[in-house]
Amino acid sequence: MAQYRVFDNIIEKDKASSYIVAAKELLTQLKIEAPVLLNTKSDIAAEGKALNEEAFLYNCAYNLALAKAQNADIICVEDSSYTSLNVAKIMLLENCELKDAVISRLKKDNLNLCLDIKVLHVNEVLRDVFGYKKLQEMIKKPFSNFNVAIFNGNKTQNLETNDTILTLLGANIVKFATQNDSDGYEIVQVSKELGEKLAGKIMLDAFDNAADFIITNDSRSFAMFEPRQKSLECCVGRDIALSVFSTAQIVLMALGNEDKSKLGLDSHKVATTLI
């Protein structure tokens, strides 16, 4: 039987801690044993890769090696860490020079590089490990009365899986023009006004297309949309008041979970009326 470890050292961890809480609770409810992978290096995401490729590869390789030492595959609770670990695996497989440098560095940590560790998104666990049929049988509170706006940004992986899960829950997925635009995260540190204008435009677009809430599985996008929402409203000159969730949080609610602490909602800034 496969063993799993949850990767929780996500980018913007302080703002997006609800993603970790909800994913862990969901795995528990599905009876999938997956302790947290301890003592990991932090995800520094695509932005970090561009700034310091060596650090990006080392952090990812270190986490893969930790998982291998425990004979476990990795479950990611959000998109950025999932992408980082899988991109690093490809880069190291294709570039022997980079691979040798990382191997040498890991030896100083008494770790061995391993590129055959599976890196799964929590949504893939729902699809491939647990299964859609069993998930559908467990639904207690379908989302058939709700319009859901899914923000994808520039992501291309797991989009169909995400849509399928939300459709199984009964949600009506609304399309909006900015669902693949930049959320402003990459530039907000340089220009707060411009970054928040981009994020605010997306939120208003979802709102104007009758969305009841927004789904994003990327902790960076969550950090732009949820804790900053009051600032976004000031930036665009309109009220928004849209809750932002991960897919795992919505699945938990559909399974009948109303405990805000287990859903991670007690750390959200925007109050939800869904429960």
Test item: side-chain donor near acceptor, [X] and [Y], under 3.5 Å:
X	Y	value
N217	T247	yes
K192	S231	yes
D266	S261	no
D205	T178	yes
E12	S219	no

- Can you label the angle between the F213 ring and the F146 ring as parallel, tilted or perpendicular, going by 30° and 60°? tilted
- Aromatic plane relationship, H268 with F222 - under 30° parallel, 30 to 60° tilted, over 60° perpendicular: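 Tilted.
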Any [X] side-chain heavy atom under 4.5 Å of [Y] side chain:
X	Y	result
V125	H121	no
C76	V119	yes
I32	V129	yes
L120	Y4	yes
Y62	L106	yes
V87	S84	no
C114	N112	no
K197	V236	no

- Item | Evaluation steps, salt bridge (Lys or Arg N to Asp or Glu O under 4.0 Å), between K99 and E94 | CA-CA 8 Å; K99 183 179 177 181; E94 294 179 346; over 6 Å; no
Can you tell me how far apart [atom1] ([X]) and [atom2] ([Y]) are? Round to the nearest 0.5 Å.
X	Y	atom1	atom2	result
S246	I215	OG	CD1	6.5 Å
N257	E25	CG	CD	5.5 Å
I75	E124	CD1	CD	10.0 Å
D239	L232	CG	CG	12.0 Å
R127	L168	CZ	CG	12.5 Å
I173	T167	CD1	OG1	3.5 Å

Got a donor-acceptor contact below 3.5 angstrom from the [X] side chain to the [Y] backbone?
X	Y	value
E226	K269	yes
S267	G264	yes
E53	K49	no
T272	L274	yes
D218	R220	yes
Q249	Y19	no
S104	D100	no
N63	K41	yes
Q70	A72	no
N147	A210	yes

- Task: Output yes when E233 and R238 qualify as a salt bridge under the 4.0 Å nitrogen-oxygen rule, no when they do not.
- Result: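 Answer for the salt bridge query: no.
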- Query: Testing T161, N162, D79 for side-chain hydrogen bond (donor to acceptor under 3.5 Å, both in side chains) with N123, which one passes?
  - Reply: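 By the side-chain hydrogen bond (donor to acceptor under 3.5 Å, both in side chains) criterion, N123 pairs with just one of T161, N162, D79: N162.
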Under a single-linkage definition using a 4.5 Å side-chain heavy-atom cutoff for Ile, Leu, Val, Met, Phe, Trp and Tyr, are [X] and [Y] assigned to the same hydrophobic cluster?
X	Y	answer
Y185	I240	yes
L98	F56	yes
V122	L135	yes
L255	L27	yes
L92	I44	yes

Taking all atoms of both residues into account, what is the closest heavy-atom pair of [X] and [Y], and its distance?
X	Y	answer
A211	L242	O-CD2, 3.4 Å
I11	S80	CG2-OG, 3.9 Å
N59	S42	ND2-O, 2.9 Å
V6	A34	CG2-O, 3.4 Å
G184	L198	CA-CD1, 3.9 Å
S81	I10	OG-CG2, 4.2 Å

- Query: Among all residues two or more places apart in sequence or in another chain, which pass the salt bridge (charged side-chain N to carboxylate O under 4.0 Å, His left out) test with K68?
  - Reply: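 With neighbours one apart ignored, the set is empty.
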- Message: Can you list everything that forms a side chain to side chain contact (heavy atoms under 4.5 Å, CB included) with N180? Sequence neighbours excluded, please.
- Response: N152
- Decide yes or no on side-chain contact (heavy atoms from CB on, under 4.5 Å) for I165 and V251, but give the supporting numbers first. CA-CA 8 Å; I165 292 170; V251 172; 3.7 Å; yes
- Name the one of D73, L85, L66 that satisfies side-chain contact (heavy atoms from CB on, under 4.5 Å) with I117? D73
- Task: Could you walk me through whether Y82 and D43 pass the side chain to side chain donor-acceptor pair (under 3.5 Å) test, one step at a time?
- Result: CA-CA 9 Å; Y82 173 84; D43 175 35; over 6 Å; no
